[in-house]
Structures are given as structure tokens and as C-alpha cells.
Amino acid sequence: MQYTEITVRYGELSTKGKNRREFIGRLNGNVTKALREFPDLHIYPKRDRMHIALNGTNSDQVMAKLRQVFGIQNFSPSICIRKDIDTLKETAVAMMAELAPKIKTFKVNTRRSDHNFELDTNQLNLLLGDLILDHFPNLKAKMKFPDATLRVEVRQDGIYLSSETILGAGGLPVGTAGKAMLMLSGGIDSPVAGYLAMKRGVEIEMVHFFSPPYTSDRALAKAKALTAKLAPYVGTIKFIEVPFTEIQEEVKRRVPEGYLMTVQRRFMLRLATALAEKRQALAIFNGESVGQVASQTLESMVAINDVTALPVIRPVATMDKNEIIKIAENIDTFDLSILPFEDCCTIFAPPRPKTKPRLDKARFYESQLDGDVLMARALAGIKITEVHSTDDFLNTDESTIQSVL
């Protein structure tokens with residue numbers, strides 16, 4: 001069918017009361033950014049739903065983008081026709097002709113905001129139901145749980161018909177819960193944490209620490225590519241590169257081996273906090289999972305969290321690794337995450353890190369370094385990039401990924 005519009009239904013926005021307009025406005029902005037490559041679209045956000053006029057744009061391509069925008073409960077491709085009974089009957093039969101080979105039962109569901117239309121909802125349901133049974137005698141009408149529902153909406157500007165409801169990403173529009181920094185490594189966990197943060201309406205900016213020449217340009221490109229995988233959920237994401245070589249070298253030179261990781265991560269969290277304060281973010285997210293590695297024991301978290309008063313939120317903290325991997329596969333970040341390009345978290349990893357570091361010792365070893373100067377130089381060297389979903393930082397087609405692995 002040549003659809004003329006897509007009808008978008010909101011998710012949790014229905015519970016937002018006085019803030020509803022703000023949430024719808026944010027969703028409108030996110031949808032606009034996600035569909036920026038389709039210049040002919042017109043988007044009309046309304047209180048109960050959003051209408052996207054296609055104006056000849058391919059509906060399948062638009063719907064592929066909409067599937068990933070948080071705040072959308074579901075959506076339907078629709079056809080708008082003039083308010084004429086004969087045209088309505090003809091269009092209904094054409095739509096059902098496409099569905100009939102795939103279904104056994106159906107129902108007609110009519111809504112009418114134009115109460116001056118010549119037929120009411122019950123009359124329209126009966127008219128179209130009888131018409132479909134006449135044209136497709138193998139089908140049966142079923143009011144509860146039919147295989148397909150023909151939806152008819154009689155509005156002031158025309159009649160809209162749809163027969164498919166596609167689930168959206170759910171959640172809340174990104175940005176409605178404030179902004180946070182996400183500490184993005186290059187592994188499996190942190191992109192999943194970013195996805196879960198955005199699903200709850202948090203706007204995230206990626207903070208990635210890189211340490212040339214110990215880490216390669218490919219490792220940096222991999223982190224940007226992971227960001228691009230998450231960008232469709234909001235439209236664009238800011239990627240912040242933080243040079244970390246000098247700090248790692250100084251920590252390696254001056255801190256006992258068992259506390260290398262603890263002190264390094266204290267510096268990472270200090271830098272993320274400084275960026276959050278500078279960029280008006282309210283929290284820091286990361287991909288830590290309790291007990292997964294040495295730096296993610298509760299004792300380590302206490303020793304590292306000591307450097308910030310901002311909330312440090314860990315969406316995957318209580319998940320098993322297999323649960324995290326499943327989400328990573330669903331959001332298409334897994335194959336990128338396992339590419340063997342080392343990030344700065346692994347290059348100076350000691351063979352026997354402290355799994356239960358003492359807070360007083362972590363503070364003492366860090367105090368032996370000129371932390372303010374080291375941080376100032378790192379912050380002076382940051383680079384911020386606007387990442388879009390269409391950006392290709394790595395040649396990440398399947399054959400290339402397999403050859404690397």
C-alpha cells in the first residue's frame with residue numbers, strides 16, 4: 001500500500017499530567033532529529049498522538065527509524081482519504097486484500113472525532129465488516145484477539161485507515177529526565193548501560209578515555225562507532241575524547257601495582273565529574289556490574305566513588321553477563337564491542353589488582369601525585385564530536401568484522 005502518514009502513539013507520556021506538553025515537545029524534537037534524512041516529512045505532534053505526513057517518502061524506511069525512538073509506544077502506517085463512503089469502501093477492500101492471505105480472523109475498529117459525519121461508529125463497523133466478509137468469504141469476524149484489526153478514524157480533515165500496529169521502543173523521550181555523562185569504554189557493558197539510561201529519558205554524553213600511543217586510532221573509532229549505534233534512539237550524541245596517557249603513565253610510575261587500577265579509575269571519575277559540572281549534567285552512568293572484575297567489587301566502588309558527590313548510576317549492576325550480552329545483541333552493539341582493539345582500561349592492568357582496596361590507602365597514593373595539574377592538562381585536551389546514526393567510523397560490515405575476529 002502507498003501510505004500517506006504514520007500515526008504515532010505515546011507510551012508513558014499518558015501519565016505525565018501537567019508535564020505532558022514538555023514531554024511531547026521533547027519527543028517531537030527527538031523524532032525530528034531521528035528522521036532528519038527525510039526532508040519531505042511533516043511532523044504534527046498533538047496531545048493524544050503524533051502524525052507524520054509522508055508526502056511520498058518510503059514508509060518502511062521511516063518506520064525503521066521510528067522503532068528506535070524512546071517515548072513511542074507503537075505506531076501505524078495509515079492512508080488518508082477524502083470523506084466519501086465509496087472511497088472508504090474501496091480502500092478498505094484494498095487493504096484487506098493484502099492481509100487476507102496471512103490471516104483467518106479480523107475486526108473493524110472505528111473512531112469518529114467528526115460527529116457530523118453521515119454514519120456513526122457502529123454503522124461504519126457494520127458496513128465495513130459486511131463488505132469484507134462479502135469480498136473475503138474465508139475470513140471470519142472476531143471481536144477479541146483477531147489476527148488483524150482494520151482501524152478507521154473519521155477526523156475533520158479526512159478518513160484515516162490502518163491495519164498494522166508496530167511496537168515502538170517504549171520508555172521516555174530522551175532528555176526528559178535530565179543529562180548525564182556516560183563513561184564509555186569499548187566493551188560490552190557500557191553501551192548497554194547507555195541504552196538503558198536513554199530508555200528512562202536520560203540524555204547522555206559519552207566520555208571516552210584514550211591513551212595514545214598505547215591505544216590505537218581503531219580503538220577510538222570503535223568507541224565512536226558504538227556511540228553511532230546508540231544515536232538512533234535520540235538522533236545525535238556528543239562524544240567527548242579525554243586524553244589519558246599522561247595520567248596513566250604517572251600512576252604507573254608512582255603507585256604500587258595493586259592500587260594502579262583503583263587510582264586510575266579515581267582519576268577517570270574525577271574527570272567525568274569535572275565534565276559533568278562544566279556541561280550541566282546531573283549524574284554519571286557507567287557499565288559496572290557488581291563482582292564482574294576486580295574494580296567492580298563493592299569495596300572498589302567505595303574507594304573509587306569517594307572522589308565525587310554526583311550520583312554514580314550503574315544500570316547493569318545486578319545483571320549477569322549473559323543478560324548484558326543479550327541486550328547488547330538486541331541493540332546491535334555486541335559485535336562491535338568484542339572487536340580486539342584495546343582501550344585504556346586494559347593497557348596497564350596489573351596481574352594482581354586489589355579486589356578489596358582500602359579507601360585510606362587509595363587516598364594516600366593519589367595524594368602523592370599532582371592531580372590538579374594532571375587533570376587540568378587532560379581537560380585542556382578534550383575533543384567533542386557530534387555523532388549521528390549514519391556516521392561510519394569503522395568499516396563495520398559483517399565480513400570485515402568476522403575477518404578482524
Side-chain angles (χ1 to χ4, degrees), residues 30-31 33-37 61-72 167-175 179-210 215-241 285-287 289 315-316 319 321-343 345 384-405:
N30 293 346
V31 169
K33 287 191 288 185
L35 301 179
R36 67 189 182 94
E37 64 190 89
Q61 294 177 356
V62 174
M63 289 189 292
K65 298 288 186 181
L66 284 179
R67 285 178 186 270
Q68 296 179 293
V69 179
F70 288 124
I72 295 177
L167 286 178
L172 296 171
V174 175
K179 183 164 76 173
M181 300 287 115
L182 174 73
M183 298 173 70
L184 179 73
S185 59
I188 298 169
D189 303 339
S190 55
V192 172
Y195 165 82
L196 295 173
M198 289 193 294
K199 189 169 185 177
R200 297 314 305 158
V202 178
E203 176 189 353
I204 58 172
E205 293 188 352
M206 302 300 196
V207 179
H208 179 73
F209 301 92
F210 73 111
T215 58
S216 67
D217 290 342
R218 297 286 279 174
L220 183 61
K222 170 186 169 182
K224 290 181 179 179
L226 286 168
T227 302
K229 287 289 187 182
L230 297 181
Y233 297 101
V234 62
T236 62
I237 298 177
K238 287 184 173 61
F239 182 90
I240 306 174
E241 306 168 28
F285 281 70
N286 65 34
S289 177
V316 302
M319 291 185 183
K321 192 66 175 185
N322 286 339
E323 294 175 301
I324 300 171
I325 289 173
K326 183 177 180 180
I327 297 175
E329 290 173 335
N330 289 340
I331 64 176
D332 196 29
T333 58
F334 179 75
D335 286 341
L336 272 175
S337 292
I338 61 175
L339 289 176
F341 307 135
E342 283 193 324
D343 59 45
C345 295
I384 302 175
T385 306
E386 190 89 11
V387 175
H388 303 86
S389 59
T390 53
D391 292 337
D392 187 14
F393 297 100
L394 286 168
N395 183 11
T396 52
D397 60 88
E398 187 173 344
S399 60
T400 302
I401 289 175
Q402 293 304 320
S403 67
V404 172
L405 297 177

Residue pair R36 / H388, side-chain heavy-atom distance below 4.5 Å: yes
To the closest 0.5 Å, what do you measure between CG (L182) and CZ (F239)? 10.5 Å
Could you tell me the separation between the CZ atom of R67 and the CD1 atom of I72, rounded to the nearest 0.5 Å? 11.5 Å
Just so I know, are the side chains of P191 and L184 near enough to count as touching, which here means a heavy-atom distance under 4.5 Å? yes
To the nearest 0.5 Å, what is the distance between CE (M206) and OG1 (T385)? 12.5 Å
K65 and E37: CA distance, side-chain angles, deciding distance, side chain to side chain contact (heavy atoms under 4.5 Å, CB included) verdict: CA-CA 10 Å; K65 298 288 186 181; E37 64 190 89; 3.1 Å; yes
Between I240 and M181, is there a side-chain heavy-atom distance shorter than 4.5 Å? yes
Hey, are the side chains of K326 and N330 touching, using non-hydrogen atoms and a 4.5 Å cut-off? yes
What donor-acceptor contacts under 3.5 angstrom involve side-chain atoms of residues 219-226, with partners at least two apart or in another chain?
residue	atom	partner	partner atom	Å
K222	NZ	G186	O	3.0
K222	NZ	S337	O	2.9
K222	NZ	L339	O	2.8
K224	NZ	E241	OE2	2.9

Measuring only between side-chain heavy atoms, which start at C-beta, is F285 closer than 4.5 Å to L196? no
Find out whether K238 and E386 are in side-chain contact, i.e. whether some heavy atom of one side chain is under 4.5 Å from a heavy atom of the other. yes
Keeping the roles fixed (side chain from H208, backbone from S185), state whether a donor-acceptor pair exists under 3.5 Å. yes
Look only at the side chain of N30 and the backbone of V174, and say whether a donor-acceptor pair between them is shorter than 3.5 Å. yes
Rounded to the nearest 0.5 Å, what's the gap from CD1 on I338 to CD1 on I188? Could you check? 6.5 Å
Tightest non-hydrogen contact, residues M183 and S190, listed as O-CB, 3.5 Å
Using a 4.5 Å cut-off on heavy atoms from C-beta on, say whether the side chain of F70 contacts that of L172. no
Measure from the side-chain N and O atoms of S289 to the backbone N and O of M319, and report whether any donor-acceptor pair falls under 3.5 Å. yes
If you count the non-hydrogen atoms of other residues, nucleotides and ligands that lie under 6.0 Å from CG in D217, is the total more than 12? no
Apply side chain to side chain contact (heavy atoms under 4.5 Å, CB included) to I325 and V192, showing your working. CA-CA 9 Å; I325 289 173; V192 172; over 6 Å; no
How far does CD1 of I331 sit from NZ of K199, to the nearest 0.5 angstrom? 10.5 Å
About how many Å separate OH of Y195 and CD of Q68, when rounded to the nearest 0.5 Å? 9.0 Å
Could you tell me if the side chain of D189 sits less than 4.5 Å from the side chain of K321, heavy atoms only? yes
Which atoms form the tightest heavy-atom contact between G287 and A193, and what is the distance? CA-CB, 3.9 Å
